[in-house]
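To start, the structure under review is shown below, and the notes come after it.
Bear in mind the structure is a predicted one, so any value in this text is a computation, not a measurement. Numbers restart at 1 for each chain; the letters A, B, ... are given by sequence-line order, proteins then strands. Values below: every heavy atom of this structure, side chains too, minus hydrogens, waters and symmetry copies.
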Amino acid sequence: MSLSVLRRSETVIALVLLAAMLLIGLINPAFWNLANLFSLARSNVVIGIMALGVLTVMISGGIDVSFPAFAVAAMYLTVRAMVAWDWQGVAGPFVMATAIGLALGLINAAFVYGLRMIPLIVTLGTGSLVRGFLLGVVGTSQVNIDRMPKSLIAFGSTELTSLSDPAGGHFALSAMLLIYLAMALLVHFLLTHTMLGRGIYALGSDGEAARRVGFDRRLTIFVVYALAGALAGFAGLLHGAMIWLANPRDFNGLELDVIAAVVLGGASIFGGRGSVLGTMLGVFMLVMVSNSLIIMHIATTWQRVVVGFIVIIATAATSWRDRRRIA
Amino acid sequence: MSEPLISLCGVSKSFGGVQALAGLSLTLRRGEIHCLAGENGSGKSTLIKIIAGIYRPDSGSVLIDGETVTQLDPITAIAHGIQVIYQDFSLFPTLTVAENLALPSEIHAGRRLVRWRHVHQLARAALARLGIDIDLAANVEALSTAERQLVAIARALMSAPRLLVMDEPTTTLTGREVERLFAIVRDIQRQGIAVLFVSHKIREMFDISERITVIRNGCVVAAGAIGEFNEAALARAMTGQEITAEGYRWMPPPGAKPRLEIRGLTVPGELQGIDLRVMPGEIIGISGLLGSGRTELALALFGLRPIHQGEIRVDGRAAALRSVQQAVSAGITYVPEDRLTEGLFLTQTINRNLLAASFEALSRYFLIDFARARRASANMIAEMQITTPSGERPVMELSGGNQQRVVIGRWLMRDARVLILNGPTVGVDVGSKAGIHRRIRDLAESRGVAVLMISDDLPELVQNCNRILILHRGKIVEEVMAEATTEAILSEILKALS
Amino acid sequence: MQFTMRRLFGADNNLLQLALLTLMIFALMTALAPDKFLRPYNLLSITYVAPELGLLSIAMMVTMLSGGIDLSVIGIANLSGILAGIFYHAYAGARGPELTAMAPLSVLGGILIALATGVLGGAINGVLIARLRITPILATIGSGQIFTGAALVLTGGPAIVGYPDGWGFIGNGAVFGIAMPLLVFLLLAGFVALLLTRTAFGINLALIGTNPKAAVFAGLRLVRTVFFSYVLSGTLASVAGVILSGRTNAAKSDYGVSYLLQAVLIAVLGGSNPAGGRGSVAGIIMALLALMLLSSGMQLLRFSNFMVDLVWGAFLLASIALNALRTRVR
């Protein structure tokens, strides 16, 4: 039946997204300007990469609220190290940031696996610890554009296409989008084409059954949280490179936006459900709505209210969906 | 006679102070259908877990193909060709049928990547082997219980097992589904695979098994070819008591008015025009196949089916039953089927569990009168003869029988006039079973409670009820007096329905 | 001896452990900064700062008792202070004697607005969780965004500064030398303790948290009880908001953000089980005391606030680890 396509969460989200785009375009046709669309796409990159990690954690039946702290720590520590050692380069710093995130993610995994503690509480604790360490021990001063490593700035400004609008302004499609897409493909491959990935779904679907069948719970949990940490670390540095600034106070409260996007994308907080495509659509929806407030002539202070409503509507819809399935 | 596949010799296992298995010996031969019979709590599930390698015996040995296996863990058990299908099937509800079937064998093949075409091939072949047709792309959560079981069986067969252990496979199946299952089990046997069929339903054992082993209190009490048994002997072996115990002798008190009257109770899609009158002190048995509407009847009376038609009167007064609270205040109470997940607050104290439904009633000016609460709870512990040093102990420390008394006692404290018991002795050991029956009969007599006893356990119904109703497709299709019937007659009636 | 100890501290020895921890922290801080730590001023200042966090922690504990969580408490607290502030400024201007020396009845009006905000915010959470059955984490993350967002929309970003003296008295005043916030806290803590241990509502809430399914079959009013637990937590949060804005004479949409983690930590450390069924006011007070002594000592030792965050996070993880190890030994 053609109904099965309709029933897929991705289809539903895509349709809602399309409707939202049409609506915003009606209110202000400027929405469809390439410049606006390019900048929207660019805003997806950092939050999207983080969302991939959160998606993986949520499929496994967990939750992670520590990744913004990990991201900012990885970014700030790496940039400070680059400044201190006068280190130019791109690959090295990204490896370092990713490694920092990964190591921190392993701590989460150790607590969740070894001590069987509720992931929300564990990640609240590690997040606070890491942020406290960063601001209390490492420092609170920003690394501004003048001291920011040139190599990072150059990398972050790489463009795919460069266009000029009639008014003489310049706009471009950021090459960072390719990185986002590559990461998404990678996570998609992990989740759908590896036994490990199916093990993540199996763990979130029924942990006891996963154990009986022979999935390795320890490996799965460590991979999931380490991946979330690594993706956050990578995205953190990418963020710094894209805005030419390393601010140790960044990403405050970002966990809510990312979780909102992932839930919006059809993942279930109870685990076992979710897809990369859905998450990317959810991220796009969230970024588009909150970035389009100005276009729709709404004050930006409304952003949080809008995000809050999106979270509640998305969770109400999914809880309604899950309840109908159980019934 | 074929060679032994797996033998347990003098196996013992205890948990804490409880001896689950006491020097038990059992031999399963290649390609036979062997029935492991026993009441709940007899040690069946411990035995299964020892065969599956999940528990290690305290003493005794396990022989496979005549050789002693010292370290039997789940992986070596699977390697020896032992597959267990648990009652909950161990499937992944949010994954597709194809994945549920193929992933386990892919794990054991040590694969790193999922080759989807291969997964679908494997899955299709597995279903074809059983001759069944289920949509491979459907999520398991969308399947019926019977279909899930078929998926679980198909999955177990994929690893080319030599022994398939099925733990109570028929509990949630309808009669026709049971027959299809049996056909499949016989087919599995023809493929040379031994089946250990674990059950407590006597009728089924005669239908399916070749040899039978009966265990009680962790010991083998009878064993042999099926031809050596008859139903009565088997029942005697399982329960350790004569079922011929006298029935519940109940005389309607002169001039008594019905305690519970149901007229034309209809719940769309579940119940159709149920009529029933129950006198004070009467115990009515209710049985029927799965999906017959017997649990739905209980839920409707307990206010959990807000949309219903018909009239329900308690002591002549019409009762509105739109919520549990309304049902309880009308005097209708319900002891659910699954004690652990639906009945008890396991980590809380016995007192709190007993008083759970009474705290509001025991409050004055919003404050609970704890002196009264303690007295009431102590009285109930005495009346229900709950064995415990103190009401302040956690309820999880009690035995199954005592826990059931707590749940029943909870309603007596609310002056239950109608007590609906769903599977009152499921998971209760044989000794406590008789005690609970005695309690229920006493309560009916002394307090004039009208009791509805829903059960699969036909001897239980014959022994304790004075009338027995059979439900089918939401209707009462048969009503018999207990004194005029036997378990065998009831069993025939039920079988004819499926 | 052990028996009496057990009686004193209830069935679990969690409280005893906490008391020992508090004593150890007290002794440590006294040893490290003897001249400063024991000064009355320091201990007195704790009685002004601790209550707002204490109220938020009790709010958190109440929702954990039912197996939920309330991550919107900070949003509710700030919104309450801001709405009252807007009311005062609309009523008597943004500064000047008319605002500061407002009549008690008008001050009361603002307090009622603040409390009503808490009741309403809690009721929204209650409807989302009890009626619509949205997972508490997500429901309160979402509603918390809306409350914080509403506060941001109303203020446009900057803090609302300037409150009537009567309002400030709740956050700064003292009665017979005892800090007003402390009095408010003790009153409410006593009230909640009474509610949880002596009323059907409280015990039913713990039963629901232990096993919601069994609660349905025991005839407990699940929806109503859970709903009121969120109303209660919202109301407590709004009182915390009153104290916070009274103490600082200002309210802002992003005040007290780090309180969220601290409230969760105190609740968990105080013996609440995030999976439901366990939690007590006494545990909260003990954990609050331990952590307030710790952070005030650290501030005296010139550690930054961020270091305090670090130590709190470490504390949360350590307490998880300890609890896990303890249950494993058993």
Exercise. So which of C:I141, C:V257, C:L261 has the largest heavy-atom pair count under 4.5 angstrom toward chain A?
Worked result: C:L261

Seminar exercise, completed: Given C:D309, C:I134, C:L152, C:V153, the one with more heavy-atom pairs under 4.5 angstrom with chain A than any other is C:V153

Exercise. Checking C:I69 against chain A: side chain, backbone, both or neither under 4.5 Å from a heavy atom?
Worked result: side chain

Exercise. Is there a side chain to side chain contact (heavy atoms under 4.5 Å, CB included) between C:L56 and C:E52 once you walk through the steps?
Worked result: CA-CA 6 Å; C:L56 295 173; C:E52 56 209 36; 5.6 Å; no

For this session: Considering only heavy atoms and a distance below 4.5 Å, find which of A:I118, A:V263, A:V307, A:I121 pairs most often with chain C.
Result: A:I121

Exercise. Under 6.0 Å from the CD1 atom of A:I294, do we count more than 12 heavy atoms belonging to anything else shown?
Worked result: no

Exercise. At what distance, to the nearest 0.5 angstrom, does CG of A:L129 lie from OG1 of A:T123?
Worked result: 12.5 Å

For this session: Determine whether A:M288 and A:L17 make a side-chain contact, defined as any pair of heavy atoms from C-beta on separated by less than 4.5 Å.
Result: yes

Exercise. Is there a donor-acceptor pair under 3.5 Å between the side chain of C:T140 and the backbone N or O of C:L71?
Worked result: yes

Problem set entry | chain A contact via C:A139 - which portion, at a heavy-atom distance below 4.5 Å | backbone

Problem set entry | Spacing of C:M64 atom CE and C:L205 atom CG [to the nearest 0.5 Å] | 13.0 Å

Seminar exercise, completed: Per-residue tally against chain C (heavy atom, under 4.5 Å) across A:L256, A:I63, A:V311 peaks at A:L256

Seminar exercise, completed: Which of C:N125, C:D70, C:T148 passes side chain to side chain donor-acceptor pair (under 3.5 Å) with C:S143? It is C:N125

Seminar exercise, completed: Value for OG (C:S280) from CG (C:L65), rounded to nearest 0.5 Å, stands at 9.5 Å

Exercise. Between A:F111 and chain C, which part of the residue has a heavy atom less than 4.5 Å away: side chain, backbone, both or neither?
Worked result: side chain

Exercise. So which of A:G136, A:G127, A:A314 has the biggest tally of heavy-atom pairs under 4.5 Å with chain C?
Worked result: A:G136

Seminar exercise, completed: Assert top hit (heavy-atom pairs under 4.5 Å, partner chain C, pool A:V122, A:L135, A:T126, A:T300) equals A:L135

Problem set entry | Inter-residue atom distance C:R278.CZ - C:T210.OG1, 0.5 Å rounding | 10.0 Å

Exercise. For A:L120, is it the side chain, the backbone, both or neither that has a heavy atom under 4.5 Å from a heavy atom of chain C?
Worked result: side chain

For this session: Could you look at C:L316 and say if it's the side chain, the backbone, both or neither that has a heavy atom under 4.5 Å from chain A?
Result: side chain

Problem set entry | chain C contact via A:I107 - which portion, at a heavy-atom distance below 4.5 Å | neither

Problem set entry | C:L265 versus chain A, the contacting section by heavy-atom distance below 4.5 Å | neither

For this session: Return yes if some donor-acceptor pair links the side-chain N/O of A:S275 with the main-chain N/O of A:G278 below 3.5 Å, else return no.
Result: yes

Exercise. At a heavy-atom separation under 4.5 Å, does A:V137 approach chain C through its side chain, its backbone, both, or neither?
Worked result: both

For this session: Examine whether an atom of C:T135 lies under 4.5 Å from a heavy atom of chain A, and if so say whether it belongs to the side chain, the backbone or both; otherwise answer neither.
Result: side chain

